[in-house]
Amino acid sequence: MLTDAHIHLIDHPLVQHKLTLMRCKDASTHAFRQLLHELSMLMAYEVTRDMPVQHIEIETPLETMQSPVIDGKKLVLVSILRAGSGILDGMLTVVPGARVGHIGLYRDPHTLEAVEYYFKMPPDMQERDVVLVDPMLATGHSAVAAITRVKALNPRSVKFVCLLTCPEGLAEVRKCHPDVHIYTASIDRALNDHGYILPGLGDAGDRIFGTR
Ligand code: URA
């Protein structure tokens with residue numbers, strides 16, 4: 001299995017338990033969305049682990065102290081539409097001060113290449129840390145295109161969070177963007193001929209939005 005210091009496998013039992021429930025084909029749209037929301041909060045905990053803190057003076061009931069806070073405004077959560085929205089909601093619950101960007105990409109069904117149709121980011125990106133979110137890192141084409149677009153704005157750092165990935169997708173992102181840290185709850189076996197992850201969980205967008 002392909003692992004290195006830039007690939008963070010989130011193997012916490014709570015994450016793995018919820019992921020198992022999401023994979024089941026009989027999970028309802030409501031259950032799938034709720035589990036994704038909970039999982040995203042847990043993944044936010046991991047991806048923000050090294051976020052810088054600043055100390056502010058506060059008063060406890062007993063005395064004054066210097067205590068750490070994070071500056072959520074420096075963080076930009078970038079959702080790769082449309083399935084990224086499922087992760088975005090959960091992460092915003094935990095980091096409500098984060099800024100939000102959106103990238104609209106669809107996969108050309110014949111070439112499986114990413115085609116951009118929307119791009120909107122907050123201002124002053126060079127002062128911000130970007131966390132790109134997309135539940136499925138499959139071929140890696142969308143992830144590479146999204147990372148390339150965001151990097152052109154010179155953010156301080158770029159991380160990528162997905163629920164599931166596979167060796168092919170990881171290899172593609174590692175090849176094109178070796179500096180980007182990838183956070184995932186599972187590295188599945190392989191991709192099929194249609195670019196779906198096996199065993200996977202099916203089409204994440206359809207399962208979040210109930211569109212199939
Ligand atoms: N996108 C999905 O929604 N599922 C996959 O398995 C691969 C890409």
Side-chain angles (χ1 to χ4, degrees), residues 1-2 7-11 15-16 18-40 42-43 47 77-91 101-119 131-150 159-177 180 182-212:
M1 182 170 294
L2 193 153
I7 300 171
H8 304 262
L9 186 60
I10 307 174
D11 57 0
V15 169
Q16 295 303 315
K18 290 179 192 298
L19 179 57
T20 297
L21 300 181
M22 290 181 75
R23 288 183 191 270
C24 294
K25 67 179 168 70
D26 294 331
S28 68
T29 300
H30 177 251
F32 189 90
R33 202 183 288 148
Q34 179 65 29
L35 286 161
L36 180 57
H37 191 86
E38 293 166 7
L39 252 167
S40 305
L42 297 171
M43 297 208 303
V47 77
L77 301 174
V78 177
S79 168
I80 301 180
L81 297 171
R82 68 181 165 149
S85 311
I87 296 187
L88 176 67
D89 290 348
M91 290 206 169
H102 289 94
I103 302 183
L105 294 170
Y106 69 87
R107 277 205 296 187
D108 182 293
H110 304 296
T111 65
L112 301 184
E113 293 294 332
V115 183
E116 183 181 309
Y117 63 89
Y118 188 74
F119 186 83
V131 175
L132 278 150
V133 299
D134 191 355
M136 312 298 273
L137 172 48
T139 61
H141 296 157
S142 304
V144 166
I147 295 167
T148 303
R149 266 310 245 130
V150 164
K159 293 176 178 173
F160 191 95
V161 177
C162 57
L163 212 48
L164 290 189
T165 186
C166 56
E168 295 90 330
L170 282 177
E172 183 68 10
V173 176
R174 296 292 295 123
K175 181 182 79 179
C176 301
H177 295 291
V180 171
I182 302 166
Y183 294 73
T184 185
S186 179
I187 303 172
D188 277 15
R189 191 178 74 249
L191 276 186
N192 70 11
D193 291 343
H194 303 285
Y196 278 86
I197 295 174
L198 299 173
L201 50 71
D203 188 299
D206 281 340
R207 296 199 66 189
I208 294 167
F209 299 111
T211 42
R212 184 162 297 167

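Counting starts at 1 for both ligands and their atoms, in listed order.
A donor-acceptor contact closer than 3.5 angstrom links the side chains of H177 and T148.
In the displayed structure, F119 atom CZ is contacted under 6.0 Å by more than 12 heavy atoms of other residues, nucleotides or ligands.
At the shortest separation from atom 2 (C) of ligand 1 among protein heavy atoms lies M136 CG, 3.5 Å. Ranking protein heavy atoms by distance to atom 6 (O) of ligand 1, first place goes to I197 N, 2.8 Å. Closest to atom 5 (C) of ligand 1, if we only count protein heavy atoms, is Y196 CD2, 3.4 Å.
When all heavy atoms of A185 and V15 are compared, the pair lying nearest together is CB-CG1, 3.6 Å. Between S85 and S79, the shortest heavy-atom contact is N-OG, 3.1 Å.
A heavy-atom distance below 4.5 Å is not found between the side chains of T139 and E172.
Among the atoms of A138, none of the N or O lies under 3.5 angstrom from an N or O of ligand 1.
The contact set between ligand 1 and A204, taken as ligand atoms under 4.0 Å from a residue heavy atom, comprises 2 (C), 3 (O). Using a 4.0 Å cut-off to heavy atoms of G195, the atoms of ligand 1 that qualify are 7 (C), 8 (C).
Of the listed residues (L163, T165, V161), just one forms a side-chain contact (heavy atoms from CB on, under 4.5 Å) with L137, and that residue is T165.
Distances from ligand 1 to the non-hydrogen atoms of G202 include at least one value under 4.0 Å.
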